[in-house]
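Structure record follows, encoded as structure tokens.
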Amino acid sequence: MARIFISAGEASGDLHAARLMEELRRRAPEIGFTFLGGDRMAAAAGHAPLIHYKQMAFMAFSEVLRNLPTIGRNLTVAKKVIDSERPDAIILVDYPGFNMKLAAHAAKRGIPVFYYIPPKVWAWKTYRVKALKKYTSAIYCILPFEPEFYRSHGVETAVYSGNPSREEVDGKMATLCSRSEFIAAHNLTGRPMIALVPGSRVGEIRNNLPIMTAVAARHRDMQAVVAGAPGIDRSIYRRYTTLPVVDNETFELMAHSQVALVTSGTASLECALIGTPQVVLYRANGSRFSYNLFKKILKVSYVSLPNLIVDRGVVPEQLLHHCNVEEVDAALAPLLDDGAPAREAQLAGYREMRGILGAGDMASTTAEEIIRRLSFNGG
């Protein structure tokens with residue numbers, strides 16, 4: 001039986017990898033999976049992960065440092081299983097600090113390595129391109145400008161296969177509940193809503209939710225609602241806000257909101273695909289120092305995905321020491337009213353972004369290509 005080893009180290013990777021697994025199985029039902037991931041991948045594979053991503057998803061430097069023994073054990077377990085199973089291929093999903101080490105390990109053993117949703121080396125840590133070129137057989141990109149970046153660095157195996165967020169958003173929009181149903185289900189008022197999306201990690205919530213809450217307090221005619229992330233206990237949010245929290249329904253909340261405050265990340269792209277105007281923000285400890293540092297090491301002019309895709313400032317970005325109540329609110333206010341010029345300009349930018357992303361099904365396209373490369377017969 002053909003066997004593929006897949007490594008996804010966080011919630012978004014679990015979602016995207018699960019879709020790819022489903023498409024691989026549809027074409028080659030005999031494929032078996034060993035994987036690091038979460039519940040969605042478990043459903044696609046029919047069994048539990050080797051390691052759950054909740055034991056892997058460490059973000060900030062201090063958090064990584066505290067959990068170095070766990071990370072080391074995870075890496076040892078993964079390498080040992082790769083050596084014992086000798087899978088037909090390794091598929092890596094984002095999570096570069098860990099996955100790049102697996103890529104090197106597998107490639108040295110002659111196992112094909114496919115990177116599905118590669119690290120954002122075009123933004124920073126460009127040195128990783130050399131390792132990607134050396135260790136991977138193919139790179140499947142989710143942003144249309146990425147293959148050209150790789151080609152400019154001598155990597156000819158990178159292709160744009162479509163964007164999974166676009167496909168997922170369109171599917172969810174087709175079955176979205178009504179606004180009145182959403183409000184009733186969560187005991188909310190009928191006022192226009194501001195979605196507060198502070199991220200999926202405790203550190204992001206700690207740094208960004210207080211700013212979001214303070215900005216929302218300036219708009220008493222609207223109801224602010226916090227998007228609760230999977231795996232985050234309600235008590236974490238209660239440390240920083242008294243606003244209502246809706247768990248595991250970030251998509252629905254953004255779709256039914258008038259505007260959104262979104263911590264930079266995949267949620268900013270989803271919000272744009274939904275069509276809800278937003279301000280992207282991100283605050284961290286030592287913000288002014290961090291801002292000056294990142295200005296020197298970042299290789300791009302923007303950090304939010306909508307702006308990167310269109311290559312201009314479609315959404316306001318309030319980052320680090322610019323992520324304060326005054327500046328965030330100044331960016332939010334022009335977006336509140338239907339028909340306002342800033343709001344209409346942002347919506348036009350969203351439409352442009354959709355056109356650039358195209359309509360391809362990334363999981364399907366990538367699965368077809370991997371099956372072809374590995375010469376699985378399917379059936």
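Below, all heavy atoms of this structure are taken into account, side chains as well, without hydrogens, waters or symmetry copies.
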Inter-residue atom distance Cys141.SG - Asn163.CG, 0.5 Å rounding: 11.0 Å
Sub-4.5 Å side-chain heavy-atom contact between His105 and Tyr135: no
Student check: side-chain heavy atoms of Ile194 and Gln258 closer than 4.5 Å: no
Whether Arg283 side chain and Leu320 backbone form a donor-acceptor pair below 3.5 Å: yes
Heavy-atom side-chain contact between Pro244 and Gln223 under 4.5 Å: yes
Glu204 versus Thr263, side-chain donor and acceptor atoms under 3.5 Å: no
Plane angle bin for Phe114 and Tyr140 - parallel if under 30°, tilted between 30 and 60°, otherwise perpendicular: tilted
Check: Asp88 side chain, Arg3 main-chain N or O, donor-acceptor pair, under 3.5 Å: yes
Arg25 (side chain) donor-acceptor with Ile31 (main chain) under 3.5 angstrom: yes
ILVMFWY clustering at 4.5 Å (side-chain atoms), partners of Leu188: Phe182, Ile183, Met193, Val225, Val246, Leu253
Interatomic spacing from CD in Glu368 to CZ in Arg27 - rounded to 0.5 Å: 4.5 Å
Identified side-chain contact (heavy atoms from CB on, under 4.5 Å) counterpart of Asp14 within the set Met41, Lys54, His52: Met41
Minimum-distance pair of heavy atoms, taken over all atoms of Arg354 and Arg166: NH1-CG, 3.9 Å
CD1 on Ile111 to CD1 on Ile4, rounded to 0.5 Å: 12.0 Å
Flag for Glu369-Ser161: side-chain donor and acceptor within less than 3.5 Å: no
Beyond-backbone contact of Pro119 with Leu132, side-chain heavy atoms, under 4.5 angstrom: yes
